[in-house]
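First up is the structure itself, then whatever we jot down about it.
Order of listing sets the numbers, starting from 1, for every ligand and every atom in it.
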Amino acid sequence: MASFSGFWIICLHLLSFCLRHVVSRQIVYSLSEEVSPGTFVGQLAKDLNLKLDELESRALRIVSTSSKKHFDVNMKTGALFVQDAIDREKLCPNSIVCTESLEAIVNNPLNVYSIEVKILDVNDNTPTFPGRSQNIRISEHTVPGTKFPLLSAEDPDVGSNSVASYKLSSNQFFSLDVNTETDSGPSPELVLQKALDREKQAEIHLILTAVDGGKPARSGTASIVVSVLDANDNSPTFSKPVYKAQVPENVAVGTVVLKLNATDPDEGVNGEVIYTFKQGQRGVSDKFIINSSSGEIAIAGPLDYEDVSAYELRVEARDKGHSPLASHCKVLVEVLDVNDNAPDIKLTSLLDNVSEGAKKGTVIAFITVQDRDEGKNGKVHCAISKNSPFVLESTQGKYYSLVLGTELDREENELYNVSITAADEGTPALSSTTVVTVRVSDVNDNPPRFPEPAINVYVKENSQAGGLIAVVSAKDIDVGGNAHVTYSLFDSSNTPLSSVVSINSVTGEIYSMQSFNYEEIKHFHFQVQATDSGTPPLSSNVTVNVFILDQNDNSPVILPPYSEAGSVNTENIPYSAEAGYFVAKIRAVDADSGYNALLSYHITEPKGTNLFRIGSSSGEIRTKRRMSDNDLKTHPLVLTVCDHGDPSLSATVSVDVVVVESLDSMQPSLRQVPMKEEGFSDLNLYLLIAIVSVSVIFLLSLIALIAAKCYSSDGAFSSCSAPVVTTHPDGSWSYSKSTQQYDVCFSSDTLKSDVVVFPSPFPPVDAELISINGGDTFTRTQTLPSSEKTK
Ligand SMILES: *[C@@H]1O[C@H](CO)[C@@H](O)[C@H](O)[C@H]1NC(C)=O
Ligand SMILES: *[C@@H]1O[C@H](CO)[C@@H](O)[C@H](O)[C@H]1NC(C)=O
Ligand SMILES: *[C@@H]1O[C@H](CO)[C@@H](O)[C@H](O)[C@H]1NC(C)=O
Ligand SMILES: *[C@@H]1O[C@H](CO)[C@@H](O)[C@H](O)[C@H]1NC(C)=O
Ligand SMILES: *[C@@H]1O[C@H](CO)[C@@H](O)[C@H](O)[C@H]1NC(C)=O
């Protein structure tokens, strides 16, 4: 095929060669492009040597090789004119010389004339850039001098009408270099004049102007956008070199203390900041935590002002660039004191115990009070519990001493719990308390004490030697040896007491060493001393009053002139004796006392006599009636005197009463001599005393009965007893009151009463006591018969 088409091309050339031979000559015209249609191009007819009138007949016509018919011929004038506007750039683009080849053809004879119209360029095109703007990306690290080619502008005009020069809008970074040594016209290049800084200017806008060489020149512009590419050339910058924060020490874990702010002007990852604590800081990581992205520093662990009062943290801020840049800052965290420590009380006891005899001012303990807090929170006041015998003396600052303020008495209080309270001045205040236990040790300052100054002991006479008669006991309120009591007899009299009583020194039991005879000794007393084992020992006394209790161990004894059974006593009475005639008076005594000595007289023989009677208490024998002739002359009487003991003892006496005609025949020697008048008056006095006593006793007893107020005292004598007055069937009275007993007997047998007044064996406790070798101070009053036998 290729060879076939090549063949036709050769043929065409040959044909055209032949035709040229036909064509006589070539006609050349020139014409500027873009002229308006109708513009005259050349006098074609004349140039072809054709007559104007032949034009029509020979049918001159223009044939163009180009598709568009730009030219035509005026058949009348024979002129060639522009039929259609010609654009050189369209007609022959890319060629510097542009010709339009036409052929003028005439018939009769056929002639072909070749016409060439040279189209001359007109500067009708402005230079244009491809695209409205050009983007150029330049890294900010680029060195000045670097060139960046720009797209050239295009101008379809040719020659000098084409792009001749470029201009760049004024700016500080770039200059323009135009390379003219290229085929395709000058090409512009940007030349970096000055280092770029994205952070200052990230985009630079330039305008490039292309100017052609036509007259007038035409120009076109393009905008050039230079984007400065970021390089990680900036380190993060903290807003402050040092950050300060204050937190109370009780701040909650998790609380944000402060927020760091480091900014990095770089772009993207180059500007993303990571915060970290610098390595190797002691005690920081367990107390603080930093949010690497936000820069917030929060509390990670509990703070304690008393441990660390300030923290200095070093923080690094680093960007995420390829080769990261970092910077540092200091964070000062000041921990504020909070009153979180109670005062601490330290105690140094000097004495385990304090002697109750210790002097005022004795130092018992040293106290140190500390509060770890600061300022008011650490200012401590110390106080001691009130009502204690101790005082707190402030020595200096936090030192105190516990001192004895008053004297002590162990017997009152042997243990003190002294509470010491320390409080600080914080709000709220914290306090702590320590209790010091102070024992008071004993001093022998109390003697043993008997419950009563004296005790009364009653011992039956004739009781066995060696019997327990009493127990004494003394209490000592001290302790230990100071309270260990021993008993001893304290011999105040000359009589060797040890032969009478003995004492068990440990138990205080008192034993008799002999049998007592009431008739010999009725009472004695001695002292028992109780002594403790302290140094020096203390002692006290108790008086022991021993009363021997009477036993009925003595029989009544008939007093002379009568004598006991065996001998016969004789009394004469006159036959004329009236009823109630005094025959005789039997007198008896009993060594015992009380009832054991209260005697009564009876006629035992003859039983049921109707002639004589005897005053049971007076012992007076009188006649019951006058004698009669039927009566015997001699009346043997057996009289018995008995006491009121249990069992009763008695004595008998025999009296023969002889009835005589006249008393003159009586033997005066046997007669009982009656008492004298003076004696009688003495007796009257005794009687008076007795009656007054009885009256007083009555009165007292009545008062006591009315009062009827009883109270009990101790032990054996505690019975609450009103005085008791009893009337005996024989007409006698007896009066008794707990510790005292008086027996008063009135005889109703006689006008002249026998009054027997004697104390019972229970004397009043506080009565004057008899000593062991003292006399018998018991009063025993017995009125002897006051009447006498009238002669
Ligand atoms: C950090 O500081 C910059 C300027 O100093 C400010 O514009 C920005 O808002 C701050 N960022 C924060 C999170 O505080
Ligand atoms: C760090 O702070 C950011 C923003 O405040 C938050 O979203 C993130 O959860 C925090 N990270 C941690 C571990 O607390
Ligand atoms: C009191 O203290 C002394 C010495 O400090 C000691 O010998 C004594 O046994 C103590 N007494 C008591 C009752 O604790
Ligand atoms: C002192 O304290 C002790 C122990 O706490 C207690 O047993 C005792 O009863 C207290 N004594 C006084 C007098 O408060
Ligand atoms: C004990 O009695 C004796 C003699 O009466 C006396 O000298 C002594 O002082 C008394 N002792 C006391 C402690 O009363």
Worksheet item: Which atoms of ligand 2 have any heavy atom of Ser294 under 4.0 Å away?
Response: 1 (C), 2 (O), 4 (C), 5 (O)
Item to complete: Kindly indicate whether atom 4 (C) of ligand 4 is approached by any protein heavy atom to under 4.0 angstrom.
Response: no
Item to complete: Give a yes or no on whether the backbone of Arg198 and the side-chain of Glu140 come within a donor-acceptor separation of less than 3.5 Å.
Response: yes
Worksheet entry | Carboxylate-amine/guanidinium proximity below 4.0 Å for Asp371 and Lys379 | no
Practice prompt. Classify the ring geometry between Phe148 and Phe174 as parallel (under 30°), tilted (30 to 60°) or perpendicular (over 60°).
Written response: perpendicular
Worksheet item: Just checking, is any N or O donor in the side chain of Glu306 or Asn341 under 3.5 Å from an acceptor N or O on the other one?
Response: yes
Worksheet item: Are any non-hydrogen protein atoms located under 4.0 Å from atom 9 (O) of ligand 4?
Response: no
Worksheet item: Do Glu316 and Arg314 meet the salt-bridge criterion of a basic N to acidic O distance under 4.0 Å?
Response: no
Discussion item. For atom 14 (O) of ligand 4, which of the options Asn417, Leu415, Asn413, Val438 provides the nearest non-hydrogen atom?
Written reply: Asn417
Fill in: atom 12 (C) of ligand 2: the protein heavy-atom neighbour that sits closest, reported with distance to 0.1 Å
Asn291 ND2, 3.4 Å
